[in-house]
Amino acid sequence: MDGHVGGIRAKVARALELLVGLDERLHAYLDADPFVLQRHVQPDGETSVFVLKVTSQPPPDLALLVGEIAHQLRSAVDHVAYGLVVAAGHTPTRRTGFPVCVRRPTRLVLDGGVTAEALALIDAFQPYHRPDAQAHPLNVLNALWNVDKHRMLLVTALQSVGSHVSVGMPGGPSVGGRRQEAVGDDGVLGAFRLSGGAVPAEAEVTAGGRNFAALGVAGHWPANLPVQLVLEDLHRYVAVTLVPRFEPLLAL
């Protein structure tokens, strides 16, 4: 196997290993139920408000895994550029890397020089060809990589999707929910006000919903998706869409 192709595949494979590890760690964190449901009886003595709060945030080292995954994938893409320059019979420079352009450049070039066929293919993969260029996988990957180089990517537990509170009593009153996009400084995921009367102190009250952890840094990536899904999409794009298209040119 060509050395450049083998190195690229190794980086993509390493990203997948890290992604599996991240998924396992996040599942373990959520399985530990890092939430608490607090009951607050209002001054009227009749109305109850249930507050769902986070008791512990995801371990900080999970952010390191996110950064390592982004680095391996972005590095694999840059190795594609390096291999294209070598395949063209030129010498890569310190600035040789796969360009990511959200706006059409006056002239697309690659430091070191590549064949016309390779340059045309690089151009075809540029985000600026799409109306939503900022959300293009290459741009999202590049943005995550840049953020990780300058500050730690925060992984923050978000609210439950479809969050609700259930009262365990026959014919019990219903409870409504208030959505909150992200956990604030108070750690509140949602507040639920009783809408059908008082809840006896002995009643069993439970909270439900789909809990997940997401990137806590604003960017061009979806803010309301589990971080695993964001990274899985990026891995799939690099491993299935981008790299295989360039491999025949790297083997020349």
Side-chain angles (χ1 to χ4, degrees), residues 1-20 22 65-150 153 215 219-222 225 227-252:
M1 180 184 295
D2 180 84
H4 295 296
V5 174
I8 293 166
R9 290 181 180 176
K11 283 187 168 292
V12 172
R14 177 56 179 161
L16 182 58
E17 291 176 4
L18 293 169
L19 187 52
V20 171
L22 175 66
L65 278 174
V66 173
E68 289 176 18
I69 293 167
H71 170 74
Q72 292 294 345
L73 292 176
R74 185 62 176 95
S75 180
V77 174
D78 278 339
H79 277 235
V80 168
Y82 189 99
L84 292 174
V85 172
V86 173
H90 302 305
T91 302
T93 72
R94 294 179 61 185
R95 297 179 57 187
T96 298
F98 200 100
V100 179
C101 306
V102 294
R103 297 181 181 83
R104 184 183 295 274
T106 304
R107 179 169 173 260
L108 184 65
V109 296
L110 191 67
D111 284 289
V114 296
T115 65
E117 181 183 6
L119 191 61
L121 189 55
I122 291 172
D123 178 79
F125 272 85
Q126 292 306 303
Y128 65 75
H129 288 294
R130 286 181 19 175
D132 58 340
Q134 298 285 1
H136 189 286
L138 265 183
N139 188 58
V140 171
L141 175 59
N142 196 57
L144 282 175
W145 178 63
N146 277 319
V147 169
D148 184 68
K149 286 193 300 182
H150 301 290
L153 287 170
L215 291 166
H220 302 303
W221 43 86
L225 286 181
V227 62
Q228 306 100 302
L229 294 185
V230 175
L231 293 172
E232 284 173 8
D233 286 344
L234 295 179
H235 180 273
R236 188 179 304 110
Y237 179 81
V238 174
V240 178
T241 302
L242 190 147
V243 171
R245 289 287 304 278
F246 284 95
E247 282 187 350
L249 299 182
L250 295 172
L252 292 177

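The figures that follow rest on heavy atoms only: side chains count, while hydrogens, waters and symmetry mates do not.
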| request: Without swapping roles, check the side chain of Thr96 against the backbone of Asp111 for a donor-acceptor pair under 3.5 Å. | output: yes
| query | Can you name the closest pair of heavy atoms from Leu144 and Leu234 and give their distance? | reply | CD1-CD1, 3.6 Å
| Shortest non-hydrogen contact between Leu84 and Ala118, atoms and distance | CD2-CB, 4.1 Å
| Separation between CG of Asp132 and NE2 of His220, rounded to the nearest 0.5 Å | 11.5 Å
| request: Look up atom NE2 in His136 and atom NE2 in His129, then write down how far apart they are to the nearest 0.5 Å. | output: 8.5 Å
| said: Which heavy atom of Phe98 sits nearest to which heavy atom of Asp78, and what is that distance? | reply: N-OD1, 2.9 Å
| side-chain contact (heavy atoms from CB on, under 4.5 Å) evaluation trace for Val77 with Trp145 | CA-CA 12 Å; Val77 174; Trp145 178 63; over 6 Å; no
| message | Within a 6.0 Å radius of atom CZ on Arg245, are there more than 12 heavy atoms belonging to other residues, nucleotides or ligands? | response | no
| field | Minimum heavy-atom distance between Ser75 and Lys11, given as atom pair plus value | value | OG-CE, 3.1 Å
| message | Working to the nearest 0.5 angstrom, can you tell me the gap between Tyr128 OH and Asn139 CG? | response | 13.5 Å
| For the side chain of Asn146 and the backbone of Asn142, is there at least one donor-acceptor N/O pair under 3.5 Å apart? | yes
| said: For Ala88 versus Gly113, what's the shortest heavy-atom pair and its separation? | reply: CB-O, 3.9 Å
| message | Working to the nearest 0.5 angstrom, can you tell me the gap between Glu232 CD and Ile69 CD1? | response | 9.5 Å
| field | Criterion side-chain contact (heavy atoms from CB on, under 4.5 Å) against Ile122, the qualifying member of Leu110, Val80, Val109 | value | Leu110
| query | Between CD of Glu68 and CG of Leu153, what distance do you get to the nearest 0.5 Å? | reply | 11.5 Å
| remark: With Arg74 as partner, the option from Val100, Leu138, Val238 fulfilling side-chain contact (heavy atoms from CB on, under 4.5 Å) is Val100
| Closest contact, heavy atoms only, Ala87 versus Leu250 | CB-O, 4.3 Å
| task | State, with a plain yes or no, whether a side-chain heavy atom of Phe125 is found less than 4.5 Å away from one of Thr241. | result | yes
| Nearest 0.5 Å, what's the CD-CD1 distance between Gln72 and Ile8? | 12.5 Å
